[in-house]
Amino acid sequence: PIHVYWELPHHYMGDLSESEEVQPRQWTTKNHKYYVLEKATLKGAYFKLKNDFLGDIEIESPFITFSGGYYAANYEPANLLDKLENALTNKKMSVEMRKKLTDLKNSINETDNNYVFYAKLK
């Protein structure tokens with residue numbers, strides 16, 4: 001497995017993943033598992049972060065999307081459409097959220113430029 005970690009003042013955060021050859025000499029990673037470990041007690045846990053403003057779409061690579069009190073994520077239109085379609089399969093989603101995501105999905109064209117989500121954290 002591939003192991004990457006970041007050191008914070010009181011914790012370590014990391015990413016465990018597997019590598020996969022998709023073409024000769026061309027690799028990607030899959031099956032990411034994120035963890036946090038407290039330095040003082042060595043207690044830790046795996047975690048997943050979800051964007052509740054986009055129907056609980058899972059936040060990939062949380063270490064590079066959060067920095068300096070901000071969240072930034074860059075989505076290629078076709079990938080964002082896939083994520084929205086997947087999110088819309090959630091039967092428990094509120095009517096308001098379903099309308100919001102459906103309207104967003106309908107406004108996206110696969111030939112658009114990338115979509116960048118940017119927010120200041122509270």
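As the structure is a prediction and not an experimental result, all values here were calculated from the model.
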query = Side-chain contact, heavy-atom cut-off 4.5 Å: F47 with M13?
reply = yes

query = Should we say atom CG of N113 is surrounded by more than 12 heavy atoms from elsewhere, each under 6.0 Å from it?
reply = no

query = Can you get from Y46 to Y12 by hopping between Ile, Leu, Val, Met, Phe, Trp and Tyr side chains that sit under 4.5 Å apart?
reply = yes

message = Using a 3.5 Å distance criterion without hydrogens, assess whether the side chain of Y34 forms a donor-acceptor pair with backbone atoms of L49.
response = no

ask   = How would you list all residue pairs meeting side-chain hydrogen bond (donor to acceptor under 3.5 Å, both in side chains) that involve residues 97-108, not counting sequence neighbours?
value = K99-D103

query = Does a side-chain heavy-atom distance below 4.5 Å link Y5 with D15?
reply = no

message = As a quick check of understanding, evaluate side chain to side chain donor-acceptor pair (under 3.5 Å) for E76 and N114, giving each step before the final call.
response = CA-CA 5 Å; E76 191 273 328; N114 284 15; over 6 Å; no

request  = Taking the side chain as every heavy atom from C-beta outward, state whether T29 and E20 have any atom pair closer than 4.5 Å.
outcome  = no

E110, CD: over 12 other non-hydrogen atoms inside 6.0 angstrom = no

message = With heavy-atom distances below 4.5 Å as the criterion, would you say the side chains of T28 and E21 are in contact?
response = no

key: Single-linkage hydrophobic cluster, 4.5 Å side-chain cutoff, W6 and I59 together   = yes

ask   = Is the gap between the ring centers of H3 and Y35 under 6.0 Å?
value = yes

request  = May I ask you to check if K120 and Y70 form a cation-pi contact, with NZ or CZ under 6.0 angstrom from the six-membered ring centre and within 45° of the axis?
outcome  = yes

inquiry  = Quick test of your reading: applying ring pair (Phe, Tyr, Trp, His ring centres under 6.0 Å), list the pairs with at least one residue in residues 73-109, sequence neighbours left out, ordered by first then second residue.
reply    = Y75-F117

ask   = Could you go step by step and tell me if I108 and L84 meet the side chain to side chain contact (heavy atoms under 4.5 Å, CB included) rule?
value = CA-CA 10 Å; I108 296 172; L84 291 171; 3.8 Å; yes

ask   = Out of curiosity, T41 OG1 to H11 NE2, how far, rounded to the nearest 0.5 Å?
value = 7.5 Å

key: Side chain proximity check, E18 to H32, heavy atoms < 4.5 angstrom   = no

query = Quick one: does I57's side chain get under 4.5 Å of N86's, heavy atoms only?
reply = no

key: SB check K83 E58 (cutoff 4.0 Å)   = no

message = So, taking the atom named CD in E60 and the one named CG in N51, what distance separates them when rounded to the nearest 0.5 Å?
response = 11.5 Å

inquiry  = Counting C-beta onward and ignoring hydrogens, is there a side-chain heavy-atom pair between D112 and P77 closer than 4.5 Å?
reply    = yes

ask   = OH/Y115 to CG/L81 distance, rounded to the nearest 0.5 angstrom?
value = 7.5 Å

message = Show, in sequence, the C-alpha distance, side-chain angles and deciding distance for S17 and I2, and conclude whether the side chain to side chain contact (heavy atoms under 4.5 Å, CB included) test is met.
response = CA-CA 5 Å; S17 61; I2 296 173; 3.7 Å; yes

request  = Could you go through the side chain to side chain contact (heavy atoms under 4.5 Å, CB included) check for D56 and M97 one step at a time?
outcome  = CA-CA 10 Å; D56 290 334; M97 180 59 73; over 6 Å; no

N/O donor-acceptor pair under 3.5 Å between K39 side chain and L8 backbone = yes

request  = Report yes if some heavy atom in the side chain of N74 is under 4.5 Å from a heavy atom in the side chain of T65; otherwise report no.
outcome  = no

request  = Check G55 against A87 and note the closest heavy-atom contact, atom names and distance.
outcome  = O-CB, 3.8 Å

request  = Is it possible for you to say whether L80 and Y118 belong to one hydrophobic cluster, with membership spreading through side-chain heavy-atom contacts below 4.5 Å?
outcome  = no

query = Are more than 12 heavy atoms from other residues, nucleotides or ligands located less than 6.0 Å from atom CZ of F53?
reply = no

